[in-house]
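Below you'll find the structure, written out as structure tokens, and then a few comments.
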Amino acid sequence: MTSIYVGNLPFTATEEEVRDMFAVHGQVDEVRLMTDRETGRARGFGFVKMAADAAQAAIRSLNGKNLGGRDLRVNEAEERKPSASRW
DNA sequence: CCTGAGCGT
């Protein structure tokens, strides 16, 4: 499983839009669009979890894609937090 | 109502 960082999203983008877009390249395990903590509005970025091969295919295909007049930033995400690992 | 660089409870 690979975590994908999706940035530069239009504020009008939703999770199902992103999920559907990524689902074209493979099965989407999870989609999480981050919203602003204070105002509650979309921050314009999120994360997608997919299988490694599907993730790479989606990244190579969707990175730089124009959505809503903005070029998407799609890359492998970093580790969320080194603590609280249920291992 | 509103905005634009960013790696998340």
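Here is the naming used below: chain letters follow the sequence lines, and residue numbers restart at 1 for every chain.
Counting only heavy atoms from C-beta on, A:N75 has its side chain closest to B:dC7 among B:dG4, B:dG8, B:dC7. The side chain of A:E78 lies closest to B:dC7, out of B:dC2, B:dC7, B:dT3.
By the stacking rule of 5.5 Å between ring centres and under 30° between planes, A:F11 stacks on the base of B:dT3.
Remark: of the listed residues A:I59, A:T2, A:V6, A:V74, A:V6 is the sole one forming a side chain to side chain contact (heavy atoms under 4.5 Å, CB included) with A:V48.
Distance, A:F47 CZ to B:dG8 P: 6 Å, rounded to whole Å. One can place CG of A:D36 at 13 Å from P of B:dC1, the figure rounded to the nearest angstrom. Taking atom CG on A:D71 and atom P on B:dG4, their separation rounds to 18 Å, with Å as the unit. Rounding to whole angstrom units, CD of residue A:E76 and C1' of B:dC7 are separated by 13 Å. The distance from atom CZ of A:R37 to atom P of B:dC7 is 16 Å, rounded to the nearest whole Å. B:dC7 atom C1' lies 13 Å from atom CG of A:L9, rounded to whole Å. If you measure from atom CZ of A:R41 to atom P of B:dA5, you get 16 Å, rounded to the nearest angstrom. Taking atom CE on A:M34 and atom P on B:dG8, their separation rounds to 8 Å, with Å as the unit.
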Distance-only donor-acceptor hits, side chain of residues 16-26 of chain A, under 3.5 Å, sequence neighbours excluded:
residue : atom : partner : partner atom : Å
A:E17   : OE2  : A:T14   : N            : 3.2
A:E17   : OE2  : A:T14   : OG1          : 3.4
A:H25   : NE2  : A:S61   : OG           : 3.4

Expected list for residues 29-37 of chain A: side-chain donor-acceptor pairs under 3.5 angstrom, two or more places apart:
residue : atom : partner : partner atom : Å
A:D36   : OD1  : A:E38   : N            : 2.8
A:D36   : OD1  : A:T39   : N            : 3.0
A:D36   : OD1  : A:T39   : OG1          : 3.4

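Where A:A42 and A:T35 each meet DNA chain B at their nearest nucleotide, the meeting point lying more 5' is that of A:A42. Of the residues near DNA chain B, A:N8 and A:I4, the one whose nearest nucleotide (by heavy atom distance) lies more toward the 5' end is A:N8.
Annotation: the span from A:D71 atom CG to A:N66 atom CG amounts to 5.5 Å, rounded to 0.5 Å.
A:L33 comes within contact range of no nucleotide atom at all, as no heavy-atom separation falls under 4.0 Å. Base contact: A:S3 has a heavy atom under 4.0 Å from a base atom. Using a 4.0 Å heavy-atom cutoff across all strands shown, A:R73 reaches sugar-phosphate atoms only and no base atom. Residue contacts for A:G44: at a heavy-atom cut-off of 4.0 Å it reaches a base atom on one of the strands shown.
Nearest heavy atoms, A:K49 versus A:S3: CE-OG, 3.5 Å.
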